[in-house]
Amino acid sequence: MAQTTRIAVTPGDGIGPEVVAEAVRCLETLRAKHGLDLEWTRFPWPSHAWHEEHGESMPTDALAQLKKYDAILLGALGDPGPMDDPDRYLLPDSISLAPLLDMRKGFDQWVCERPARLLPGARQYLADERAKDIDMLVIRENSEGEYVSQGGRLRKGTPDEVATQMEVFTRKATDRIIRYGFEQARNRAADRVSEGRTRTFRTLDGRTCESQVCLVTKRNALRYWGDMYTEAFDEISKEYPDVATHHELVDAACMKFVQSPWAFDVVVASNLQGDILTDLAAVLSGGMGVAPSCNLNPTDPDMPSMFEPTHGSAPDIAGQGLADPTAMLFTAARMLEWLGRKDPAIAAAGKELFDAVAADLAENSGSRRGTHEIGSAICERLSR
């Protein structure tokens, strides 16, 4: 008998509770329809409200509590609004967003995976018709690099203040994120073949392959970790002769994401550079309102992975029922597909949710609907 799959639901701040509520409605619909062995628990933290009451964003044993779950579904963190309240409880980003880093590091969620595919109905920001073919997966190293929080401030608040921020890169983390990128490139190529879609990418020696991995660094200026990434990439690529390889400096990658995003398949980047590239890729594939995000630990099944949309807490519209839950619902679909590694029925439910959200997006392109209305429309599709 399959073990119950457990989800920790953390709605967070701003529009987070609103969009998470619609995701939970869809989960309830799918659970009832298919008899899924799935349950979830809501937590009032991390959030501004919890910090205002307790003086901390989440309890000291928060990670120990969350570790009991198979996945974490997070809404949004940050300024909760409303914007017209000058006395609202505000926290600096370094405090309000700290739980994200705590969870990523505490559960070794070393992969941040963000798909960027322009689906029918999503807003196309680029005029070039080839932009309809945008279909990339940006993989961000999520455990170290620029976000290790090592450093400090000396003589703080004085004219002689000095701030240091250290970057830390290890060969172990470098190897595993690059190898993961190659594995995902192969998986994506196999999926395209099964769907009757093919893509071709040229190798440096003139061959053609059905997948590609592009490594992004800034090795001309950040030479030490850039060279280590490049050397690891060259060595690991020999294990994947069927995958084309490519290298870009991060500034050139940003330019080419805009000029020719359809030329990319899988992109692997460091923590900070991947953070920037994933937001750009999200806009190119329709905007933050449709972009999911996954923080994964592929190597330790006892550690929960965390799923969040790429958008923020949108304090300007919080509490008004105006937030589009599409990104949150796509994120929930990705979560179910990930959890489906242990239970195929849950994976199938994730695919069903993705298809329902995609169909709703295509059918209602450009229409203005409220949060609950969109959630109801998708639940209705799932109930058919």
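All values derive from a computational prediction rather than experimental measurement.
Between the side chains of Glu53 and His51, no donor-acceptor pair is found at a separation under 3.5 Å. In summary, the side chains of Asn295 and Ser293 do not present any donor paired with an acceptor at a separation below 3.5 Å, with no hydrogens or angles considered. Side chains of Tyr147 and Asp275: a donor-acceptor N/O pair is present below 3.5 angstrom, by distance only. There is no side-chain donor-acceptor pair under 3.5 Å between Glu144 and Asn271. Judged by distance alone, the side chains of Thr158 and Asp160 never bring a donor and an acceptor atom under 3.5 Å apart. Inspection of the His34 and Glu352 side chains reveals an N or O donor paired with an N or O acceptor under 3.5 Å. Side-chain polar atoms of Thr198 and Arg192 form no donor-acceptor pair below 3.5 angstrom. Between Thr230 and Arg219, the side chains place a donor N or O and an acceptor N or O closer than 3.5 Å (distance only, hydrogens not considered). Using modelled atom types, one finds a donor on one side chain and an acceptor on the other under 3.5 Å when comparing His247 with Thr217. Checked by atom type, the side-chain pair Glu141/Ser143 shows a donor-acceptor distance below 3.5 Å. There is no side-chain donor-acceptor pair under 3.5 Å between Asp265 and Ser211.
In the hydrophobic cluster analysis, where Ile, Leu, Val, Met, Phe, Trp and Tyr join through side-chain heavy atoms closer than 4.5 angstrom, Leu63 is grouped together with Leu97. No continuous path of ILVMFWY side-chain contacts below 4.5 Å connects Met83 to Tyr89, so the two sit in separate hydrophobic clusters. Follow the hydrophobic side-chain contacts under 4.5 Å out from Val111 and you reach Ile178 in the same cluster. Criterion: ILVMFWY side-chain heavy atoms under 4.5 Å apart, direct or through other members. Under it, Ile7 and Phe307 are part of a common hydrophobic cluster. Tyr229 and Val243 fall within the same hydrophobic cluster, where Ile, Leu, Val, Met, Phe, Trp and Tyr residues are linked whenever their side-chain heavy atoms come under 4.5 Å apart, directly or through other members.
Residue-environment remark: CG (Leu204) stays at or below the threshold of 12 foreign heavy atoms within 6.0 Å. Counting non-hydrogen atoms of other residues, nucleotides and ligands closer than 6.0 Å to CZ of Arg368 gives a total of 12 or fewer.
The side chain to side chain donor-acceptor pair (under 3.5 Å) test applied to Thr174 returns no partner, not counting sequence neighbours. Applying the side chain to side chain donor-acceptor pair (under 3.5 Å) criterion to Arg202, with sequence neighbours excluded, gives no partner residue.
A donor-acceptor pair is defined here as one N or O able to donate and one able to accept, closer than 3.5 Å; such a pair exists between the side chain of Gln109 and the backbone of Pro304. Distance alone, capped at 3.5 Å, places no donor-acceptor pair between the Glu113 side chain and the Arg140 backbone.
The side-chain heavy atoms of Leu118 and Leu284, taken from C-beta on, include no pair separated by under 4.5 Å. Using a 4.5 Å cut-off on side-chain heavy atoms (C-beta onward), Asn297 and Trp110 make contact. Between Thr310 and Pro292, every side-chain heavy-atom pair lies at or beyond the 4.5 Å cut-off. In this structure, the side chains of Phe169 and Tyr224 stay at 4.5 Å or more apart for every pair of heavy atoms. Proximity of Leu27 to Thr29: side-chain heavy atoms (C-beta onward) are nowhere separated by under 4.5 Å. In this structure, Asp175 and Glu235 have side chains that are not in contact, with every pair of non-hydrogen atoms separated by 4.5 Å or more.
Note that OG of Ser285 and CZ of Arg123 are 13.0 Å apart. Values are rounded to the nearest 0.5 Å. Atom CG in Asp360 sits 4.5 Å away from atom CD1 in Ile378 (nearest 0.5 Å). Put simply, CG on Leu296 and CZ on Phe107 are 14.0 Å apart, with the number rounded to the nearest 0.5 Å.
Between Phe43 and Tyr69, a ring centre-to-centre spacing shorter than 6.0 Å is recorded.
For the salt bridge (Lys or Arg N to Asp or Glu O under 4.0 Å) condition, the pairs that include at least one residue of residues 20-32, sequence neighbours left out, are Glu22-Arg25.
Residue Thr245 comes nearest to Ser237 through the heavy atom pair CG2-CB, 3.8 Å, listed as atom of the first residue, atom of the second, then distance. Taking each heavy atom of Ala318 and Pro80 in turn, the nearest pair found is CB-O, 3.5 Å.
Cation-pi geometry between Arg334 and Trp338 is not met at under 6.0 angstrom from the ring centre and within 45 degrees of the axis.
Classification of the Phe354-Phe330 ring pair by plane angle, with boundaries at 30° and 60°, yields tilted. In this structure, Phe182 and Tyr240 have parallel ring planes: the angle between them is below the 30° cut-off, well short of the 60° mark.
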